[in-house]
Amino acid sequence: MKNDCVIIFEGLNLNHFLNGLCRQGVTLKRISRQGKKCILQVDAAHSQKVVAQLKEKCYNILDIRYTGVSFGIRFLKTRYILLLCLLLCVVSVAFLSQICLRVEVRGDFDTDTVIDALKQAGVSVGMRLKNFDPDVVENSVATQLNAMYAVVERRASVIYVNVVKTKQVDEPIDMSRRRDIIASADGQVVGVLCEQGNLLVKVGDIVRKGDVLIEGVRIFNDGESRDVYALGKVTVRQSAQGSAVFSGFKTEVQPTGNECTNVAVNLFGKEYGKTCDYAEYTKTSSEVRLSPLNVAIIYNTYRETCRVTVACVIGDCLEELKEQAYAEAIKSCKFVPTETEYTVSGNTVTATLYANIDLC
């Protein structure tokens, strides 16, 4: 490969200048002229002499290009930081590919339970993957959780875990014995269906926990009866209430005008960086993710806030009062609510939670 230098310059008296280079022993390999502009190709060893002459004669140097080995040497000299960064990236990728950077959990168990079982099996974020054996981990996790099976798979630096619960088989029902359908909670009857047995309630009745709804007895026309296995469904509507009283004031969160910023690093799912000293604040963040290192640079902005009490009317804080009433109602609620009703009476907001349960 040719080890040359191409110099592009412009000026006057080009012939005189080129003749002077020849007298100094500079070999001119290629000359191209366009008016005052000249493209000159010389041996790379003479490039510094030619450039020095051009500067001495006050010519305007437009560009200097190197070819062959000289180009590679100069590229390395001027871009060594870039090459060093590339080298570090390659080393980091090779190193991090042998470290667990993330664990993805799927299946029937909650994530925390599976993570705890994985830790018992020696698997966690940041561990070395050199001796990682998915079969051993699968057996350990399935045994700890009494699961039907567990599937553990590694893809690069991420471990995927799927754990399935053991299916419970319902015990056979003995239809020859007597069985009553009994209320398991207080409520109002909103629906009835009796297939076998003696129905003791109707729609609109208020029942208490422990009341018999369908008696396991079959009564014949002649007045005789015999015990049976009661079959049917009674739908009971449950309710729970809570209230909040309007005080004439509400608390607002207002900005103070103070703010601060910081830069943090998210590594292995955990954020490292200095936090602000504000007692209360709002936070906005933006991030730049460095792939494939699973590292993120996070830019945080903290804006200080304070709580201020101001006078208001009930309509101004109705949503807040609803939340307070709901929180009070949920404390005494022993079921999963499916419907919520709010009422306002004077300065009191009441939340009533409802749910229908089928007793069969």
Do [X] and [Y] come within less than 4.5 Å of each other through their side chains, counting heavy atoms only?
X: Ile159; Y: Glu104; answer: no
X: Val163; Y: Asp108; answer: no
X: Val236; Y: Asn356; answer: no
X: Leu18; Y: Leu40; answer: yes
X: Asn300; Y: Ile298; answer: yes
X: Gln254; Y: Thr305; answer: no
X: Arg30; Y: Ile39; answer: yes
X: Ile181; Y: Val212; answer: no

Using a strict threshold of under 4.0 Å (side-chain N to carboxylate O), is an ion pair present between [Y] and [X]?
X: Glu259; Y: Arg303; answer: yes
X: Lys250; Y: Glu319; answer: no
X: Lys202; Y: Asp205; answer: yes
X: Arg237; Y: Glu339; answer: yes
X: Glu252; Y: Arg307; answer: no

Return yes if a side-chain donor-acceptor contact under 3.5 Å exists between Thr256 and Glu304, otherwise no.
yes

I'd like to know whether the aromatic ring centres of Phe9 and Phe17 sit less than 6.0 Å apart in this structure.
yes

Is the centre of the Tyr278 ring less than 6.0 Å from the centre of the Tyr302 ring?
no

With the 4.5 Å side-chain cut-off for hydrophobic clustering, are [X] and [Y] part of the same group?
X: Val6; Y: Leu21; result: no
X: Val234; Y: Tyr354; result: no
X: Val310; Y: Phe246; result: no
X: Ile357; Y: Val189; result: yes
X: Leu54; Y: Ile31; result: yes

Give a yes or no on this: more than 12 heavy atoms of other residues, nucleotides or ligands lie within 6.0 Å of atom [atom1] of [X].
X: Asp222; atom1: CG; answer: yes
X: Arg179; atom1: CZ; answer: yes
X: Phe249; atom1: CZ; answer: no
X: Arg208; atom1: CZ; answer: no

Is there a donor-acceptor contact under 3.5 Å from the side chain of [X] to the main chain of [Y]?
X: Thr143; Y: Asn139; answer: yes
X: Glu287; Y: Ala296; answer: no
X: Asp110; Y: Thr113; answer: yes
X: Thr166; Y: Met148; answer: yes
X: Asp186; Y: Lys209; answer: yes
X: Asp133; Y: Asp135; answer: yes
X: Gln41; Y: Cys5; answer: no
X: Asp211; Y: Val207; answer: no

Minimum heavy-atom separation for [X] and [Y], please, with both atom names.
X: Cys194; Y: Ile214; value: SG-CG2, 4.0 Å
X: Ser140; Y: Ala121; value: OG-CB, 3.4 Å
X: Glu10; Y: Tyr59; value: O-CD2, 3.6 Å
X: Ala351; Y: Tyr342; value: CB-CE2, 3.5 Å
X: Ser243; Y: Thr348; value: CB-CG2, 3.9 Å
X: Pro337; Y: Ile330; value: CG-CD1, 4.0 Å

Kindly indicate, with the supporting measurements, whether the criterion side chain to side chain contact (heavy atoms under 4.5 Å, CB included) is fulfilled by Ser184 and Leu359.
CA-CA 8 Å; Ser184 58; Leu359 305 175; 3.3 Å; yes

Check the pair Arg65, Asp63 against salt bridge (Lys or Arg N to Asp or Glu O under 4.0 Å), reporting the backbone distance first and the verdict last.
CA-CA 7 Å; Arg65 305 172 189 164; Asp63 194 12; 2.7 Å; yes

Leu199 vs Val192, test: side chain to side chain contact (heavy atoms under 4.5 Å, CB included). Steps then yes/no.
CA-CA 9 Å; Leu199 181 63; Val192 293; 4.1 Å; yes

For the atom pair [atom1] ([X]) and [atom2] ([Y]), what is the distance rounded to the nearest 0.5 Å?
X: Asp116; Y: Ser124; atom1: CG; atom2: OG; answer: 11.5 Å
X: Asn13; Y: Lys36; atom1: CG; atom2: NZ; answer: 12.0 Å
X: Ile64; Y: Gln48; atom1: CD1; atom2: CD; answer: 10.0 Å
X: Leu353; Y: Gln238; atom1: CG; atom2: CD; answer: 11.0 Å
X: Ser247; Y: Ile314; atom1: OG; atom2: CD1; answer: 10.0 Å
X: Glu341; Y: Thr352; atom1: CD; atom2: OG1; answer: 5.5 Å

Establish, for the pair Arg155 and Tyr160, whether the NZ or CZ atom is under 6.0 angstrom from the six-membered ring centre and no further than 45 degrees off its axis.
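Yes - Arg155 lies over the ring of Tyr160, closer than 6.0 Å to its centre and within 45° of its axis.
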
Go through Gln24 and Lys49 one step at a time and tell me if the side chain to side chain contact (heavy atoms under 4.5 Å, CB included) criterion holds.
CA-CA 9 Å; Gln24 295 180 36; Lys49 180 186 291 187; 3.9 Å; yes

Test side chain to side chain contact (heavy atoms under 4.5 Å, CB included) on Glu195 and Leu193; report intermediate values, then the result.
CA-CA 7 Å; Glu195 298 176 342; Leu193 172 64; 4.2 Å; yes

